[in-house]
Novice: 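Here it is: the structure, laid out below.
Since the structure is predicted, the reported quantities are computational estimates derived from the model, not experimental observations. The figures here come from the full heavy-atom set of this structure, side chains too, leaving out hydrogens, waters and symmetry mates.
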Amino acid sequence: MLEMKWIRAHAEEVQAAADGKKININIQELLERDEERRALLLETEEGRRVRNALSADIGRMMQAGQREQAEGLRSEVKQRNEQLEQLKAKLEVIQEEFTRMQWLVPNVVSPDTPVGTSDADNVELRRVGEIPAFEYRIKDHVELGEVHDLIDIARGVKIGGTRSYVLKGAGLLLHRAVQQLALDLLLKQGFTPLEVPLMVREDALLNTGFFPTGRDQVYELTGENKWLVGTSEVPLVSYYADEVVDVEQPIKLAAVSTCFRSEVGSGGRDVRGLYRVHQFAKVEQVILCAPDAAESERMLQEITGHAEQLLQLLELPYRVVAVCTGDMGQKTYKQYDIETWMPSREAYGETHSSSNLHDFQARRSNIRCRDAEGKLVYCHTLNNTAVASPRILIPLLENHQQADGSIRIPAALQPYMGGAEFITLPHPAGEE
C-alpha cells in the first residue's frame, strides 16, 4: 500500500487513480480517519503516562505510610483505566475502518497510461503479423477440437460443471507444448524456474494486491484460510515477502502452474469454448528490480518482448495495447495487454498481460533492498503472462487450419509434438 505521508501529499492524484480504476474509496475520509486514529493514539499514550505516574505515586505513598492519600489516588487510577478502556474501544473501531480503507487505496498510474472507462478505450500501440485471409469456410476452435478429437467440452461439463473441458490427444500435447516452449524461452533469458504452492494464505493475496478488490474471482477453501491462486504471480512475489533482497541484477522468476478463477461477471461470446474457463495453465514471469522508474520501465519492455517473441514463434498475428485506467486493477502502475487474432471472433482477443507495479506490491509484502547509500528501500515488481493455455489454443488452432481440414503445427512447436507438422483428420473406421 502507499505510504500515508505520501498519500496526504498527493491526495488528489490518489483519488483520481481510485476514480479511474472504479474503486469505491474517498481519500479525504481516509485522511480524516487517520487523523482521528493518530489523535486517539496520542490521547491513549498520554492517559497511560498519567496512569503510570499515579501508580508510581501510590507506591511511594505506601512505602511512606501515607495509606489514606494512596487510597485516594487508587480511585483516580481506576477512573483513568476506565477512560483508557473507552479509548481502546473507540480506537479499535477507528483502526478497523482505517485499515479497511487503507487496503483499498490504489496504486497511482503512469503519466502515459490512457484515460478511459473500459477495454474499448485501450490504445493500440502496434500490430505484428498478417491476419490470414481464408478462401473457405473456417471452423472455430470448438469445431476443430471436435472433428480432430482434441477437445471434449460436453464431458468436461459433465465432470466439473460449466466452463470445464477435457483436452485429448494432440490437444493435450499442444497445451503442454506451448507451455514448455514458453518456459524454454524464459530459461534462455536467465529466469529461474520455480514450482510453487497453488493454495495460499489470505495475506499472500492481500500483500500482492489481489485482495480485497478481486476477492470474488478467487476460490476459497472453506475452513482452511487458504485460497486457490489465479496466477503464480502471487506465490512468486510472496516468495520474498518480509526479506531484504539483492537486486543489483534484477531477480527473474518463472513458474508453470495450474490456475483457478471464478470468472464472475463474464459472459456473452466469452462463454463459448476455451476463452474463459475456471481452470487453466500459465507460464508466468515475475521480476524484482531496483526501485528506479527507468529500470522497471526497461524490465516492462523486456518481459513484454518475451511474450511477443513467443507469439512470433507460434506464427500468430497480434497487437499490443496500452491499458487504460478503467481496465486496470488496483495494484497496477502501467500495463500492456497483448491480443492475438482469433478468426472465429473476427477480432483480437486478450492472451497476455504485462504489468509494472513500482513498489506497490513490495510495500504490502515488505520486500526491501538497499540503495546506493545502503538505505533500505522497497523494490519494484513486474509480471507478465508468457503464455496461458488453453486460451492460446483458440488462435493456434483457428489461424493454422488448412483447406483440407488439417491444422498446421508451427515449426517452433514441432519438436514438442514428436516432429509432427500437421494435425490431420482422423480416418474413418476401416479407411487407411
Side-chain angles (χ1 to χ4, degrees), residues 1-7 9-10 13-14 17 102-103 105-113 186 189-194 196-197 200-201 203-211 213-214 229 231-255 257 283-307 328-336 353-386:
M1 59 191 69
L2 302 179
E3 187 181 25
M4 285 305 301
K5 181 179 178 181
W6 193 92
I7 294 173
H10 301 84
E13 183 180 355
V14 177
Q102 194 177 29
W103 281 115
V105 175
N107 200 355
V108 295
V109 301
S110 68
D112 57 348
T113 291
L186 294 182
Q189 298 298 328
F191 281 74
T192 300
L194 281 75
V196 292
V200 300
R201 295 187 303 224
D203 60 355
L205 288 154
L206 277 167
N207 293 340
T208 51
F210 287 86
F211 283 2
T213 55
V229 296
T231 169
S232 57
E233 174 192 344
V234 176
L236 286 175
V237 173
S238 300
Y239 183 73
Y240 286 111
D242 299 314
E243 294 187 25
V244 177
V245 296
D246 181 0
V247 290
E248 184 175 350
Q249 294 296 322
I251 297 172
K252 300 180 178 182
L253 306 175
S257 70
V283 180
E284 188 75 11
Q285 45 184 331
V286 162
I287 288 183
L288 287 75
C289 70
D292 175 78
E295 171 76 349
S296 58
E297 173 66 19
R298 184 173 70 82
M299 291 294 100
L300 178 65
Q301 302 304 323
E302 180 177 312
I303 60 178
T304 304
H306 296 157
M328 188 178 283
Q330 178 194 13
K331 60 193 175 76
T332 310
Y333 173 76
K334 182 176 179 178
Q335 180 178 339
Y336 296 135
S353 185
S354 187
S355 300
N356 184 352
L357 285 76
H358 273 200
D359 63 3
F360 188 81
Q361 280 182 329
R363 284 184 176 277
R364 292 166 78 124
S365 300
N366 192 31
I367 305 172
R368 296 176 294 171
C369 59
R370 295 193 181 275
D371 63 13
E373 287 74 42
K375 179 183 175 182
L376 285 173
V377 291
Y378 293 101
C379 304
H380 281 191
T381 64
L382 304 97
N383 64 81
N384 171 262
T385 312

Novice: Of the non-hydrogen atoms in Q285 and A307, which two are nearest, and what is the gap between them?
Specialist: NE2-N, 4.4 Å
Novice: Say you draw a straight line from CD1 of I7 to CD of Q102; how long is it, rounded to the nearest 0.5 Å?
Specialist: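 Separation between the atoms: 6.5 Å.
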Novice: Measure the OG1-CG distance between T231 and L236 for me, rounded to the nearest 0.5 Å.
Specialist: 7.5 Å
Novice: Can you name the nearest heavy-atom pair linking K331 to T208, along with the distance?
Specialist: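 Here K331 and T208 meet closest at CD-O, 3.2 Å.
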Novice: Is the backbone N or O of E284 less than 3.5 Å from a side-chain atom of N383, with the two atoms forming a donor-acceptor pair by type?
Specialist: no
Novice: If you look at every heavy atom in P197 and P235, which pair is closest and at what distance?
Specialist: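 Minimum heavy-atom contact is O-CG, 3.4 Å.
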Novice: When you compare the side chains of E233 and Q361, does any donor N or O come within less than 3.5 Å of an acceptor on the partner?
Specialist: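 Q361 and E233 do have a side-chain donor-acceptor pair below 3.5 Å.
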Novice: I'd like to know if the side chain of Q330 and the backbone of W103 have a donor-acceptor N/O pair within less than 3.5 Å.
Specialist: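 Between the backbone of W103 and the side chain of Q330 there is a qualifying donor-acceptor contact (under 3.5 Å).
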Novice: Kindly determine whether W6 and V108 satisfy side chain to side chain contact (heavy atoms under 4.5 Å, CB included), including the steps that lead there.
Specialist: CA-CA 11 Å; W6 193 92; V108 295; 3.8 Å; yes
Novice: Could K375 and D371 be called an ion pair, given the rule that one side-chain N must be under 4.0 Å from one carboxylate O?
Specialist: no
Novice: Quick one: list whatever passes side chain to side chain donor-acceptor pair (under 3.5 Å) with D246, sequence neighbours left out.
Specialist: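 With sequence neighbours excluded, D246 shows a side chain to side chain donor-acceptor pair (under 3.5 Å) to no residue whatsoever.
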Novice: What is the distance from atom CE of M328 to atom OG1 of T113, rounded to the nearest 0.5 Å?
Specialist: 4.0 Å
Novice: If you look at every heavy atom in F360 and L2, which pair is closest and at what distance?
Specialist: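 For F360 and L2, the tightest heavy-atom pair comes out as CD1-CD2, 4.2 Å.
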Novice: Can you tell me if OH on Y378 sees more than 12 non-hydrogen neighbours from other groups inside 6.0 Å?
Specialist: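 Atom OH in Y378 is crowded, with more than 12 foreign heavy atoms closer than 6.0 Å.
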Novice: Quick one: pull up CG in N356 and SG in C289 and give me the separation to the nearest 0.5 Å.
Specialist: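 Reported to 0.5 Å precision, the distance equals 7.0 Å.
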Novice: Could you tell me which non-hydrogen atom of V245 sits nearest to which non-hydrogen atom of C379, and how far apart they are?
Specialist: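 Where V245 meets C379 most closely, the heavy atoms are CG2-SG, 3.6 Å.
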Novice: Is the shortest heavy-atom distance from the side chain of N384 to the side chain of L382 under 4.5 Å?
Specialist: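 Answer no - side chains too far apart.
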Novice: Please work out whether the ring planes of H306 and F191 are parallel, tilted or perpendicular, with thresholds of 30° and 60°.
Specialist: perpendicular
Novice: L205 and V234: which non-hydrogen atoms are nearest, and at how many Å?
Specialist: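 Taking L205 first and V234 second, the nearest heavy atoms are CD2-CG2, 3.9 Å.
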Novice: Just jot down the side chain to side chain donor-acceptor pair (under 3.5 Å) partners of T304, sequence neighbours excluded, or say none.
Specialist: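 If we apply the side chain to side chain donor-acceptor pair (under 3.5 Å) test to T304, skipping adjacent residues, the hits are S354.
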